[in-house]
Amino acid sequence: MTLLEHGPEQGGLLSRSPLVDEDFDRHRFRIHRETMTSPIVLAEEMARIFDRCWLYVGHESEVRNPGDYVRRPVGGRPVFMVRGARSGQVHVFHNTCPHRGAVVCRHKSGNSKVFQCFYHAWSFDSEGALVGVPGREAYGSRLDFDALGLRPVARMESYRGFVFACFDPGVPDLVSYLAGAREHLDLIVDSADGAMEVVKGTNEYGIDANWKLLAENSLDGYHAVPTHDTYLKYLVGMGTDVSGGVTGVGLGLGNGHAVIEYTAPMGRPIAKWAPQFGEQAREDIAQLRVELVARYGEQRAARMADYNRNLLIYPNLVINDIMAVTVRTFMPLAPDRMDVTAWQLAPGDEEPQLRKRRLDAFVSFFGPAGLATPDDSEALESCQLGYTSGGVEWNDLSRGMTRETNTSIDEEHLRAFWRQWADQMGAGGREESR
Ligand code: FES
Ligand code: FE
């Protein structure tokens, strides 16, 4: 069943169908607000999007040593990622005991050669094999214990250290899925000479808003000046020249992925100094730039050093490469509630003083109590509250629709996300004027 079949014509529970309405001649691209409020939409999203797309699990650097593991919710399911002690390979297992179901990996992270289920004490090694069953003789000789190991997720692949899982065995390979997003991941990873690592420590917080509002917000250059007024004033206070504003492009990258690539007054720990980093950082950062140019040439180095990028890997992974590199993923718990998890990504061999500045930026801008994220959360929760008022059915997302080049403050890259969403959900199409 598609969302269209939940529509009013079919006697379904949605008040409108289609829910994504695009009409170039009318300069119209609008999203019905039921996409943000309906439990039916969320149930369909779980089945059509989160059960079928490649979803980010974690970074290989989080499980560097044999037996290292991290427990994660991915696509609403408990899973865990572990590096096998014998093979050295990264595995992602469903976090459920093949015996009677209990969660096997109960700690958030750690190192273990054996995972013992606390219920009846079956135990599994880091490759997933069942290695211990109390009172094994009671099962006789015919039970196939080899088939009772931990179950790996249907597909697992990694790209340049980023580990993804998919619960649909028939999905195309990860690299094909990433499409144009690959180039931007490469720019981020190459800027650290290919050796990025996740810094220990996680931001975890909830937002009372639909998950797609955060996908939009992460790519939405239009909101930056009005919403983040406090941060801009802070930059001015630090002596930053903000007169150049924010300029750049917004691009759809295929398969719903999108990016904004832009220059802005903030500095970047990858080779762009700004007053917020302090005078003493000037030289270190200038040196980094010299090294980048030597490695990649002037043009690619400038793209790494001078341009920020907010990258959305559809559906729910955002990498913000700005004054810190933040990896953020989010999952719906209800139509009006999501959980957000964020990590800091950094070059493995970063100088301690640069690492410190990066972490300062991670906490003071992107952190849940930083200068930006609370503003964004407030805006998203305000939208969600606004939807309960009724009276207005559609959100407008038509900004820049007739421009030849979509800027980072237009909305074509947001429309790219929504077109993919509509395709997967069976929720697109033209709607007559009402
Ligand atoms: Fe895990 Fe019984 S449920 S050992
Ligand atoms: Fe923002």
Side-chain angles (χ1 to χ4, degrees), residues 71 78 80 93-107 112 114-125 128-136 138-139 143 145 147-151 203 205 207 209 211-235 242 245-246 248 250 258-260 262 264-266 308-312 318-326 328 330 338 340 342 361-384 408-411 413-414 417:
R71 192 192 72 192
F80 71 107
F93 293 117
H94 288 282
N95 198 358
T96 178
C97 183
H99 178 222
R100 299 242 295 271
V103 157
V104 173
C105 176
R106 302 219 300 158
H107 297 286
S112 186
V114 172
F115 295 87
Q116 187 178 71
C117 178
F118 81 107
Y119 197 8
H120 310 94
W122 283 25
S123 37
F124 307 86
D125 69 13
L130 177 61
V131 292
V133 176
R136 199 171 180 129
Y139 290 94
L143 181 62
F145 284 101
L148 289 172
L150 293 172
R151 189 61 52 86
N203 285 164
Y205 51 100
I207 305 177
W211 68 277
K212 298 183 291 301
L213 287 174
L214 187 53
E216 285 185 351
N217 169 266
S218 303
L219 294 171
D220 178 15
Y222 193 28
H223 82 281
V225 171
T227 304
H228 298 303
D229 184 53
T230 313
Y231 186 68
L232 290 174
K233 285 192 175 124
Y234 158 76
L235 290 182
V242 299
V246 174
V259 71
I260 51 175
Y262 56 100
M266 305 85 84
N308 303 298
R309 54 189 59 76
N310 299 15
L311 174 65
L312 172 74
V318 168
I319 303 178
N320 285 322
D321 174 15
I322 315 179
M323 70 295 282
V325 181
T326 299
R328 179 160 77 186
F330 38 95
M338 75 182 110
V340 185
F362 175 53
V363 172
S364 63
F365 184 78
F366 292 109
L371 282 161
T373 293
D375 292 338
D376 288 315
S377 300
E378 173 69 19
L380 272 45
E381 292 185 351
S382 176
C383 292
Q384 197 72 38
S408 56
I409 58 170
D410 289 328
E411 292 171 342
H413 47 288
L414 303 183
F417 168 85

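Model, not experiment: these values are computed from the prediction. Ligands are counted one by one from 1 in listed order, and the atoms in each one are counted from 1 as well.
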Participant: Could you tell me whether Arg136 atom CZ has more than 12 heavy atoms of other residues or ligands within 6.0 Å of it?
Facilitator: yes
Participant: Looking only at N, O or S atoms in His99, which is nearest to atom 2 (Fe) of ligand 1?
Facilitator: ND1
Participant: Give the ring-plane orientation class for His99 versus His120, where under 30° counts as parallel, over 60° as perpendicular and anything between as tilted.
Facilitator: perpendicular
Participant: Can you sort out which atoms of ligand 1 are near Trp122, meaning under 4.0 Å from one of its heavy atoms?
Facilitator: 4 (S)
Participant: Is the ring pair Phe115/Phe80 parallel, tilted or perpendicular, if the boundaries are 30 and 60 degrees?
Facilitator: tilted
Participant: Which is it for His223 and Asp376 under the side chain to side chain donor-acceptor pair (under 3.5 Å) test, yes or no, and what are the steps along the way?
Facilitator: CA-CA 9 Å; His223 82 281; Asp376 288 315; 3.0 Å; yes
Participant: For a distance under 2.8 Å, tell me if Asp220 has an N/O/S atom near the Fe ion (ligand 2).
Facilitator: no
Participant: Would you mind listing which atoms of ligand 1 come within a distance below 4.0 Å of any non-hydrogen atom of Tyr119?
Facilitator: 3 (S)
Participant: Which heavy atom of Tyr139 sits nearest a heavy atom of Trp122, and at what distance?
Facilitator: OH-CZ2, 3.6 Å
Participant: If you round to 10 degrees, what value do you get for the angle at the Fe ion (ligand 2) between His228 atom NE2 and Asp376 atom OD1?
Facilitator: 90°
Participant: Give me the atom names and distance for the closest heavy-atom approach of Ala209 to Glu381.
Facilitator: CB-N, 4.2 Å
Participant: Measure the distance from atom 3 (S) of ligand 1 to every protein heavy atom, then report the residue, atom name and distance (to 0.1 Å) of the closest one.
Facilitator: Arg100 N, 3.4 Å
Participant: Is the positively charged end of Arg106 above the ring of Phe118, judged by distance under 6.0 angstrom from the centroid and angle within 45° of the axis?
Facilitator: yes
Participant: Using a 4.0 Å cutoff against the non-hydrogen atoms of Cys117, which atoms of ligand 1 qualify?
Facilitator: 1 (Fe), 3 (S), 4 (S)
Participant: Just jot down the ligand 1 atoms closer than 4.0 angstrom to any heavy atom of Cys97, in number order.
Facilitator: 1 (Fe), 3 (S), 4 (S)
Participant: Just checking: His120, one of its N/O/S atoms, less than 2.8 Å away from atom 2 (Fe) of ligand 1, yes or no?
Facilitator: yes
